[in-house]
Every structure is written in structure tokens, then in C-alpha cells.
Amino acid sequence: MKFETRAIHAGQGPDPTTGATIVPIYQTSTFTWDGLGEHRGYEYSRTGNPTRTALESCLASLEEGRYGLAFASGMAAVDAVLSALRPGDHVVAADDLYGGTYRILEKVYRPRQVSVSYVDGRDPEAFAQAIRPETRLAWIETPTNPLLHLVDIAAVAKICHARGVRVAVDNTFATPYLQRPLALGADIVVHSTTKYINGHSDVVGGAVVTSDPEIYAAAKFYQNAAGGTPSPFDVWLTLRGVKTLAVRMRQHCSNASRVAQYLAEHPRVECVHYPGLPSHPQHALAKRQMADFGGMVTLRLPGGRSEADLFLKSLRVFSLAESLGGVESLACYPVEMTHGAIPEEERVRRGITAGTIRLSVGIEDVDDLLADLGHALAAVGAGSAR
Ligand SMILES: *Cc1c(COP(=O)(O)O)cnc(C)c1O
């Protein structure tokens, strides 16, 4: 079955006891046994819950993986993958990472004697050079946050597998509608389902998908052992959201590409990062690796913090907020919001400057979005003329 059909039906057959067409919210902590050693597949909701099972099966299907696991947040999903590392192990991570992933690597895993090297993810050879005998895992995001650099998943997987290193891809920005890392050779996909998968900015959640039984067994063990599981209501909302992932993504991509073009031609914008622009240095890779170019657009204003602040305050449709991937448009200031955990020196080295603004382009009418951005840029122009 095709993607759109699986999003609506995978893992979501009629309820076996009542025939309910929509998977019910199994709001129960525990399950009654028929006798010793006799239960119907569920014992306790940390270990397993039928609403969660439906979401886990659906996400596995969309990512073309064998196994899915849902978590209480994207970070709980990241942690479930990293939890397999032992003291002395080494991770090679692409830089330009989600701030929280950088933070858990540096502040949680490094003190547990897991070492991490950061490489420029745009260069697959950089992974080859950073791999050591004790390297266990490569960690990549593509497109990256917030600069929308791309990592060639197939090339990195080939290099890493030749050296016995597993590859995890955070597919939050692209979603399985645009990019399927497992099919490109990755071993593990991680999601913050908070973003496009749920798509309505009303749930925090995460997921891990893999086809490797060993990785699955370890992550499933950790899910139950550490207990970072989502509530039945949250997974139900996420399941409701994911049904429309394809139609939402098509509109996100179409709107974002219009926004990127508009900003690229605007005289008050210093530069625009969007994989769909022919000027993006990795546009060819984006066309090869992704079905379309996504809903995130990052721009840089020539001024500093005060100009960025004026721009953000002047927006009326875009809200100034962290997060992304919801139906409504958001603008975020990475330096003080999503990427505040990264030391300034490191941040500037990566090109995240005082003029950098990240847009999560929603699915409102695109003319309203362009008018809003135009109005805010005019306000910045008037401000700097004063
Ligand atoms: C938001 C995000 C995370 C963390 O997910 P939470 O649901 O906020 O815990 C991880 N990776 C990326 C790329 C994200 O955008």
C-alpha cells in the first residue's frame, strides 16, 4: 500500500472487542489476566498499551522499518538509542545538531565516559576520518537545524558500515513522507513526533524505528526499564495527526518554497537557507535524497539582535515560538531559543549568528504569509533608516 493509505490504516484496524473504527484511547494502567501465565498480550501500560502499539506499528510502516517504539518525547527517544552505549564507546556526530541532542551527548553521556567527535556532516569522508576502533554509532540529522545543511545518508551509511559503525538518523525535519533513512542504509530512525508527525503543536512525543532486531530489543528493554513512555491520550492524538501527514507535508513544502523564493529576492535579507533553492550548495543531493524540500526556511538579516527583535515583533501571522512542524507558522531565534545550550563560540563557528531566524512555514494561505514577512521586513527597514 502507498504512504497515504498506510498513514491512515497501518496498525489501525477495527478494535477487536467492539469494532470501533478509530483506535480507542486505552486509558488504563493495568490489564486483567485470565489466569496465571494467561493474558491477552498486555500487562501494564509502561510495558505495552494497545493505543501505543497502533502508533508504533503505523510509524514503523511509514519509515519502512520492522519495529517502532513510541516515547514520551523526542529526547526520550534519543536517549533510548544512546542508552546502548557503554563507557569507552565513541560517537561521531554531525555538527549543526538539535540543541537538546548536543546537550544530552555533552552533559549526560560524556560524563559517563562516552566520547563524541563532531564533524561537518556535509562531508561524508569526515566520518571516515573521525571513526576510531571504539566508535559504535554515527548520529546525523538531515536537513540540519537550523541551517538546513544536508547529510548524504547513503554515503555516510556506506562508510560507517564498512567499519562496523551503526548509523542513526534524526528524521524529524524531513519526515518519512519526504525521506526514508532506513531505505537509504541507516540502521535507526529517531523522531520528535512533537513536530510534523503529530503536526498540531499539542503533544510532546518521540519515536524510534529500526529493522534490526538487536537494536529493537535493546531500545524496547530501555523503554520499559527507564519508563519514558507516552500517555494513551498523547499517542492517540499523534495517531490522529499522522493520518494527514502527506497532505500537510505537500502544503508545507509548497508554502516554504514560495517563502524561500520571496526572501531570497528581498533586498533586506542577507541570505536564505532552503534545500529547494537552486542556490543551496547541496540542492542536487536534496533532489536525490528527498521527495520535496520541507517546510523549514532559515534566513539571516544583516543586522544584529535588535534588528532581529524588531522583525520578530512585527510578525502578525508567524508566532515567535520554539518548536516546528505544526500547521501554524512559527518564527524562532535559535541563538536564544533552540540553540541556547550550545556555547557561543561553537555556535558562531557553525554559522548561527545574531541575525539568524528560523521559520517553520505552516499551511496557512501563502499570500498571507508573504504579506506578513514583507510587512516585518519593511518595519526593519524603517527602523534602520531612523
Ligand atoms: C524537537 C527536536 C528533538 C527533541 O524532541 P522533543 O520532542 O522536544 O523532546 C530532537 N531532534 C530534533 C531535530 C528536534 O527538532
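Excluded from the calculations below are hydrogen atoms, water molecules and symmetry mates; all remaining heavy atoms, backbone and side chain alike, are included. Just follow the structure's listing: the first ligand is 1, and inside any ligand the first atom is 1.
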Shortest protein contact, atom 14 (C) of ligand 1 (heavy atom only): Lys195 NZ, 3.0 Å
Which of the atoms of ligand 1 are close to Ser192, meaning less than 4.0 Å from one of its heavy atoms? 1 (C), 2 (C), 3 (C), 4 (C), 5 (O), 6 (P), 7 (O)
Is any side-chain heavy atom of Trp236 closer than 4.5 Å to a side-chain heavy atom of Ile22? yes
Contact atoms of ligand 1, heavy-atom distance to Ser73 under 4.0 Å: 7 (O), 9 (O)
Looking only at protein heavy atoms, identify the closest one to atom 3 (C) of ligand 1 and say how far it is in Å. Tyr98 CE2, 3.3 Å
Would you please say whether a donor-acceptor pair under 3.5 Å links the side chains of Gln251 and Asn255? yes
Pull out every atom of ligand 1 sitting under 4.0 Å from any heavy atom of Gly74, numbered as shown with elements. 5 (O), 6 (P), 7 (O), 9 (O)
Looking only at side-chain N and O atoms, does Tyr26 offer a donor or acceptor that is under 3.5 Å from a partner on Asp15? yes
Checking side-chain polar atoms at under 3.5 Å, does His191 have a donor or acceptor matched by the opposite partner on Glu63? yes
Hey, does Glu141 come in under 3.5 Å of ligand 1, counting only N/O atoms on both sides? no
Find out whether the Lys NZ or Arg CZ of Arg46 is both under 6.0 angstrom from the six-membered ring centre of Tyr222 and within 45° of the ring's axis. no
Do Ser201 and Glu328 have side-chain atoms, one donor and one acceptor, less than 3.5 Å apart? yes
Mark up the atoms of ligand 1 that fall under 4.0 Å of a heavy atom belonging to Gly205, in ascending order. 7 (O)
For Asp170, the ligand 1 atoms with a heavy-atom partner under 4.0 Å come out as 10 (C), 11 (N), 12 (C), 13 (C)
Could you check Asp96, Asp95, Thr298 and say which one makes a side-chain contact (heavy atoms from CB on, under 4.5 Å) with Thr144? Asp96
With only distance considered, is Val78 within less than 3.5 Å of ligand 1 through an N or O on each side? no
Consider ligand 1: state whether an atom of it lies below 4.0 angstrom from any non-hydrogen atom of Gly325. no
